[in-house]
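Here the structure comes first, spelled out in structure tokens, and everything after it is commentary.
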Amino acid sequence: MRVAFIGIGNMGSPMAGHIVKGGHDVTVYDSDADRVSRFASSNGCRGARTPADLRDSELVITMLPDGHAVRSVMRGEAGLAPHLKHGALFIDMSSSDPVGTRTLGAELATLGIVMLDAPVSGAVPRATLGTLAIMIGGDDKPAIERARPILSLMGDRLFETGGLGSGHAMKSLNNYIAAATFAASAEALLIGQRFGLDPATMFDIINVSTGRSFISEVVMKEHVITGKFATGFTVGLLAKDVRIAADLGEAMNLDAPVLRLVRDRWALARDRLGATRDNAEAVKSWDEDLKDS
């Protein structure tokens, strides 16, 4: 299959690499032309200079920072959508706003392009291994089946979540839970330290008790307590995902005070640390907050 992969950053690069290894005819595009050249050279595929160069693709995948970037690539002034052939399949694997995804999907349908959303969970380590969890939203069942062999090259757990936008909704809600759990775990750590508890002992106990979670077992033990801070996911991206979840809650007319608080805490961490810092470093910004209290 002729596949275009747009966005070959930390996540997109290994994901696109798996598709190349799967024997497909892959062309990559990124706003960083040097990155395109390096990827194409090292993976034995083609690089594109503009989105319009991808016009002959049967399947287009985006892995971009947010839905605004996705819309720009597909519908912007130099967007790809008008150049694609009728019947092309477009999959947005970014973490995008689910309401915006539905709007974009309806626009693309008028051009004969079928859209699916298929965001992922697992960060860089599982992207590298090809073992991502993938949440698939779409209104066209045959299109989902057409996409499944490609998606299976990047993930080993594929979930159909419902209609278009449902994958993006599920991704944001999952990341909200992770963000809330991290915020609670970080506060418990900081309070315990001030009382004189040993951080390693705290999480040894938590991990055999009712407070146990992926955050306590992996993020706190391997990245926070050790000072490694290398989860592969930035504080800016997590803040963005929690904001998407909060916006979705408002769109669904649900009063979600915990979600609003978590959104604000992660926005504070992003603003204090900078969007590119590892998300596990958020504990540093909140430690500063406690010292000021």
Side-chain angles (χ1 to χ4, degrees), residues 7 9-12 31-32 63-70 94-97 100 119-125 127 168 171-200 202-203 206 211 213-250 255-293:
N10 291 337
M11 289 290 291
S31 58
D32 185 333
M63 189 62 180
L64 297 169
D66 55 39
H68 297 294
V70 173
S94 321
S95 294
S96 301
D97 167 48
V120 305
S121 181
V124 174
H168 284 147
K171 170 66 181 289
S172 69
L173 294 171
N174 174 75
N175 280 14
Y176 156 53
I177 293 172
T181 304
F182 184 92
S185 300
E187 289 178 357
L189 170 66
L190 295 171
I191 293 167
Q193 283 181 308
R194 292 188 181 201
F195 190 76
L197 293 173
D198 175 67
M202 284 182 66
F203 281 92
I206 289 168
S213 66
F214 173 83
I215 297 297
S216 68
E217 290 183 330
V218 177
V219 180
M220 301 304 292
K221 287 286 286 187
E222 295 184 10
H223 295 278
V224 175
I225 293 174
T226 63
K228 183 179 177 182
F229 299 118
T231 66
F233 197 70
T234 68
V235 66
L237 289 175
L238 190 50
K240 180 259 298 181
D241 287 350
V242 179
R243 189 198 72 240
I244 289 174
D247 290 347
L248 181 61
E250 292 178 3
D255 182 28
V258 176
L259 176 49
R260 292 195 297 273
L261 176 60
V262 173
R263 174 200 62 195
D264 293 346
R265 293 298 283 169
W266 281 94
L268 175 66
R270 177 201 61 214
D271 293 344
R272 283 184 168 173
L273 297 172
T276 60
R277 297 279 283 276
D278 191 86
N279 80 91
E281 293 185 81
V283 67
K284 298 177 182 179
S285 69
W286 299 328
D287 190 21
E288 179 182 320
D289 192 40
L290 287 174
K291 288 177 182 176
D292 292 340
S293 62

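Only this structure's heavy atoms are used, side chains among them; waters, hydrogens and symmetry mates stay out.
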query = Can you check whether R270 reaches L238 side chain to side chain, under 4.5 Å on heavy atoms?
reply = no
message = Please find the pair of heavy atoms, one from M202 and one from A188, that lie closest to each other, and give the distance.
response = CE-O, 3.3 Å
key: Smallest separation among heavy atoms of S216 and I206, with atom names   = CB-CG2, 3.9 Å
key: Atom pair CG/CG of L197 and L190 - distance to nearest 0.5 Å   = 12.0 Å
message = Enumerate the side-chain hydrogen bond (donor to acceptor under 3.5 Å, both in side chains) contacts for residues 234-247, please, sequence neighbours excluded, ordered by first and then second residue.
response = N175-D241
message = Please verify the inter-ring angle class for F182 with W266; under 30° counts as parallel, over 60° as perpendicular, anything in between as tilted.
response = tilted
task = Give, for atom CG of D66 and atom OG of S94, the distance between the pair rounded to the nearest 0.5 Å.
result = 8.0 Å
query = Should we count CG of N10 as having more than 12 external heavy atoms under 6.0 Å?
reply = no
message = Under 4.0 Å between a side-chain nitrogen and a carboxylate oxygen: does that hold for R194 and D287?
response = yes
request  = Would you give the length of the straight line joining atom NE2 of H68 to atom CG of D97, rounded to the nearest 0.5 angstrom?
outcome  = 7.5 Å
request  = Over all heavy atoms of both residues, which pair between L273 and S285 is shortest? Give the atoms and the distance, please.
outcome  = CG-CB, 4.1 Å
ask   = Which atoms form the tightest heavy-atom contact between V242 and A179, and what is the distance?
value = CG2-CB, 3.5 Å
query = Judged by modelled atom types alone, do T231 and N279 share a side-chain donor-acceptor pair under 3.5 Å?
reply = yes
Salt bridge (Lys or Arg N to Asp or Glu O under 4.0 Å) pairs, two or more places apart, involving residues 221-233 = D204-K221
message = Can you tell me which residue among T181, I177, V219 is in a side chain to side chain contact (heavy atoms under 4.5 Å, CB included) with F214?
response = V219
request  = Would you check if Y176 and V262 make a side-chain contact, meaning some heavy-atom pair closer than 4.5 Å?
outcome  = yes
request  = Measure across H223 and A280 and return the closest heavy-atom pair with its distance rounded to 0.1 Å.
outcome  = CB-CB, 4.3 Å
ask   = Is H168 close to S95 at the side-chain level, that is, under 4.5 Å between some pair of heavy atoms?
value = no
inquiry  = I need the minimum non-hydrogen distance between V235 and A269, along with the two atoms involved.
reply    = CG2-CB, 4.0 Å
request  = Output yes when a side-chain donor or acceptor of K171 lies under 3.5 Å from a complementary backbone atom of V120, and no otherwise.
outcome  = yes
inquiry  = Looking at E250 and R263, is there a salt bridge between them, counting it only when a charged N and a carboxylate O are closer than 4.0 Å?
reply    = yes
key: Note, R265 side chain near W286 side chain (heavy atom, < 4.5 Å)   = yes
query = Looking at F229, does the NZ or CZ of K284 lie under 6.0 angstrom from its six-membered ring centre and within 45 degrees of the ring axis?
reply = yes
key: Derivation of the side-chain contact (heavy atoms from CB on, under 4.5 Å) call for F203 and I225   = CA-CA 9 Å; F203 281 92; I225 293 174; 3.6 Å; yes
